[in-house]
Amino acid sequence: MIIRISRLKTNISELKEPNKKGPVNEEEKSIIIKKICKLLMLDIRTPLDITVRKKSIDARKKHDICYTYTIDIMLPIQGVSSVHIQKALKKLKGRALITDENKNRFSPLYAQIDDCLQKPIICGAGPAGLFAAYILALNGANPILIEQGGSISERVECVSGFWNGDKALNPYSNVSFGEGGAGTFSDGKLNTSVKDTFGRMEYIKRVFVECGAPPEIMYMAKPHIGTDRLRDVIVNLRKEIIRLGGTVHFNTKLTSLRYNRSGIHGIEVTDTITGVKRDMPCNTLILATGHSARDIYTMLKNKVGMSRKDFAVGLRMQHRQSYIDSLQYKECKDMLPPADYSVVYHTKAGRAVYSFCMCPGGYVVNASTESRRLVVNGMSNYDRSSYNANSAIVVSVSGSDFDSDDVLSGMEFQRRIEEAAYSLAQGKIPYQTFDDYKNNMISHNASGILPVHMGESEYANVRSILPEYINNSIIEAMDYFNGIMSGFTDDVLMSGVETRTSAPVRIIRDETLQTDIRGIIPCGEGAGYAGGIMSASADGIKAAFAALDLIKRI
């Protein structure tokens with residue numbers, strides 16, 4: 001049993017050496033223990049075993065910025081009576097409670113498989129696929145994980161060459177495809193809006209820490225790993241899957257399905273380097289292919305149920321990180337980690353405009369996956385040390401904005417915009433100042449801010465890429481944001497184009513998580529059931545349990 005105290009605050013001014021990286025340091029821990037002793041009416045010399053469960057920054061009052069904590073104190077505390085504890089808890093009026101440490105503790109063990117006639121196959125080595133494979137391996141199912149892209153080391157070399165202009169785009173191994181999925185070239189953010197009812201989120205973070213992620217992701221309110229450190233974590237997770245009996249095949253692309261009325265019985269895969277095709281027997285297939293694997297949508301069309309899904313498109317904007325820090329923290333900006341922000345606005349026409357995938361101290365990257373089509377995304381390293389912050393500013397779109405009722409019309413809508421972005425700057429990232437974007441004119445220089453791009457870039461009239469209703473929505477929203485955050489539209493660069501905010505379709509699955517073709521289990525972002533590393537990983541776990549159910553019945 002433990003006592004959990006919430007809303008414990010430490011003013012930034014109380015700290016002699018605030019930790020700009022975020023983790024709780026020894027000075028903070030000492031202050032926390034003193035505050036707990038005071039709240040629980042304990043002698044300051046009382047030995048306390050504490051665990052930080054949550055740490056966040058409360059910057060609502062700019063003159064009184066605080067770190068806010070949720071702390072667990074292990075019981076029993078030697079020499080402290082239960083009557084004393086109950087009296088202290090009553091005085092705290094709901095800020096403290098006694099709870100069970102193991103409550104909602106997720107167990108990855110479900111149904112130990114001793115003899116699996118056909119190994120389950122997972123297609124896609126992003127977060128959903130990796131965690132599906134990990135859970136299956138833990139339960140003895142000896143899964144096979146296939147990925148059309150390369151391993152981390154191969155992929156980093158390939159992407160770096162593309163960004164530097166030394167290599168052509170590899171459609172199989174790029175910013176979106178390869179070991180780790182799109183998260184490998186991202187900020188590595190682990191925050192999610194999904195309620196952790198079953199303890200999956202805590203479990204996922206614990207696995208990440210065991211694989212080398214920073215320990216503070218267990219308690220930071222907005223945890224992130226960073227693209228540089230996430231790569232090592234992913235490699236260690238892959239090694240653990242193999243140690244547990246799994247097999248991993250890179251540069252192996254799913255090209256067709258073998259199925260009949262009873263369900264799937266095999267797949268065809270192609271070596272993306274040699275072009276050699278081969279068949280693999282399969283009666284359980286987890287599809288964890290990500291929202292950019294458009295060939296999978298095309299393959300599944302008219303074979304399984306799919307529906308169109310709303311998503312958002314727009315641009316990626318860059319501010320100086322020092323401006324965002326000043327905006328959020330005022331005079332405390334040099335004492336705190338790089339600041340982020342989140343904005344949302346509804347236009348007079350009823351469209352939602354919002355920031356998406358905000359990367360403090362990050363880079364705008366060329367995230368293209370298809371020839372002669374360009375898309376950008378955001379990325380940060382663990383230290384978030386770039387002098388620019390970037391975030392997508394996107395506008396909601398739905399079926400009425402597309403040219404047809406076809407289930408893949410949203411995907412084709414994305415493609416047309418990406419083609420326009422590619423043509424505008426001959427494959428380079430096009431960008432311009434917000435003022436010139438608003439005035440529909442080409443920028444020639446940007447006083448006050450320089451772009452931070454991964455990939456070649458050049459000035460262009462980005463406004464010409466998007467339909468005018470999207471441009472007008474962005475401009476209306478930006479003017480509103482500038483009204484409530486002075487300077488928000490000053491010295492801002494707009495880069496094009498952001499189209500991959502979420503999947504344009506949802507692959508229909510029933511209560512067993514299977515499609516119309518029995519034995520196929522779609523999951524993660526690509527299936528339309530997740531958004532981000534954490535929710536995709538959690539959906540991969542759910543898919544693994546569904547696969548174990550199938551294996552037990554076969």
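Computed over heavy atoms, backbone and side chain alike; hydrogens, waters and symmetry mates excluded. Residues: numbered from 1 along the sequence shown.
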Taking every heavy atom of Ser495 against every heavy atom of Gln318, the minimum-distance pair comes out as OG-NE2, 3.7 Å
Determine whether Gln118 and Thr284 satisfy the following criterion, side chain to side chain contact (heavy atoms under 4.5 Å, CB included), listing intermediate values before the conclusion. CA-CA 8 Å; Gln118 281 192 13; Thr284 306; over 6 Å; no
Separation between CG (Leu315) and OG (Ser391), nearest 0.5 Å, reads 11.5 Å
Electrostatic pair Asp401:Arg351 at N-O distance under 4.0 angstrom: yes
When rounded to the nearest 0.5 Å, the distance separating CD1 of Ile533 from OG1 of Thr184 is 8.0 Å
Here the gap from Gln148 atom CD to Ile146 atom CD1, rounded to the nearest 0.5 Å, amounts to 9.5 Å
Next on the checklist: Using the ring centroid of each side chain, check whether Phe131 and Phe208 are separated by less than 6.0 Å.
Outcome noted: yes
Nearest heavy-atom contact between Ser380 and Asp187 is CB-OD1, 2.6 Å
Checklist entry - Is a side-chain donor-acceptor pair under 3.5 Å present for Asp383 with Ser385? => result yes
So, are Arg415 and Glu412 salt-bridged, with charged N and O less than 4.0 Å apart? yes
Taking every heavy atom of Ala367 against every heavy atom of Asn377, the minimum-distance pair comes out as CB-CB, 3.9 Å
Aromatic ring proximity His453/Tyr431, centre distance under 6.0 Å:
yes
Ring pair (Phe, Tyr, Trp, His ring centres under 6.0 Å) filter on Tyr354, not counting sequence neighbours, yields none
**Prompt:** Can the ring centroids of Tyr363 and Trp163 be said to lie less than 6.0 angstrom from one another?
**Reply:** no
Open item on the list: Show, in sequence, the C-alpha distance, side-chain angles and deciding distance for Ser176 and Asn174, and conclude whether the side chain to side chain donor-acceptor pair (under 3.5 Å) test is met.
Closed with: CA-CA 5 Å; Ser176 291; Asn174 46 58; 4.6 Å; no
Open item on the list: Can you see whether Lys277 engages Thr255 through a side-chain donor-acceptor pair at a distance of less than 3.5 angstrom?
Closed with: no
If you count the non-hydrogen atoms of other residues, nucleotides and ligands that lie under 6.0 Å from CZ in Phe162, is the total more than 12?
yes
Glu456 meets the salt bridge (Lys or Arg N to Asp or Glu O under 4.0 Å) criterion, sequence neighbours left out, with none
When you measure from the side chain of Asp196 to the backbone of Arg200, do you find a donor-acceptor pair of N or O atoms at a distance under 3.5 Å?
yes
Looking at Phe402, I'd like to know if the NZ or CZ of Arg308 sits under 6.0 Å from its six-membered ring centre while staying within 45 degrees of the ring's axis. no
Notebook entry, point to check: Are Val365 and Phe185 close enough, and set up right, to give a side chain to side chain contact (heavy atoms under 4.5 Å, CB included), and what steps lead you there?
Noted result: CA-CA 9 Å; Val365 306; Phe185 294 92; 5.5 Å; no
Applying side chain to side chain contact (heavy atoms under 4.5 Å, CB included) to Val233 and Leu237, what does each step give before you reach the verdict? CA-CA 6 Å; Val233 172; Leu237 182 54; 5.5 Å; no
Tightest non-hydrogen contact, residues Val497 and Gly314, listed as CG2-O, 3.2 Å
Review point. Taking NZ, NE, NH1 and NH2 as the nitrogens, is one of them in Arg500 or Glu418 under 4.0 Å from a carboxylate oxygen of the other?
Key: yes
inquiry  = Please determine whether a side-chain nitrogen of the Lys or Arg among Glu468 and Arg463 lies less than 4.0 Å from a carboxylate oxygen of the Asp or Glu.
reply    = yes
To the nearest 0.5 Å, atom CG of Leu136 lies from atom CD1 of Ile144 at 11.5 Å
Does a donor on one side chain and an acceptor on the other come within less than 3.5 Å for Asn366 and Ser368?
yes
Once you measure the plane-to-plane angle for His224 and Tyr382, does it fall in the parallel (<30°), tilted (30-60°) or perpendicular (>60°) bin? parallel
- Query: Does a side chain donor of either Gln414 or Arg294 reach within less than 3.5 Å of an acceptor in the other side chain?
  - Reply: yes
So CD1 of Ile217 and CG of Leu190: to nearest 0.5 Å the spacing works out to 5.0 Å
Look at Asp539 together with Arg509 and state whether they make a salt bridge at an N to O cut-off of under 4.0 Å.
yes
Any salt bridge linking Arg416 with Glu419? Criterion: basic side-chain nitrogen under 4.0 Å from a carboxylate oxygen.
no
Discussion item. Tell me whether Lys239 at atom NZ has more than 12 heavy atoms from other residues, nucleotides or ligands lying less than 6.0 Å away.
Written reply: no
Exercise for the section: For Arg258, look at atom CZ and say whether over 12 heavy atoms of other residues, nucleotides or ligands are found less than 6.0 Å away. Expected result: yes
TODO: Using the salt bridge (Lys or Arg N to Asp or Glu O under 4.0 Å) rule, take Glu216 and Arg229 through it: C-alpha gap first, then chi angles, then the decisive distance, then the call.
DONE: CA-CA 13 Å; Glu216 69 267 17; Arg229 298 187 67 168; 5.5 Å; no
Between the CG atom in Asn381 and the SG atom in Cys359, the distance rounded to the nearest 0.5 Å is 10.5 Å
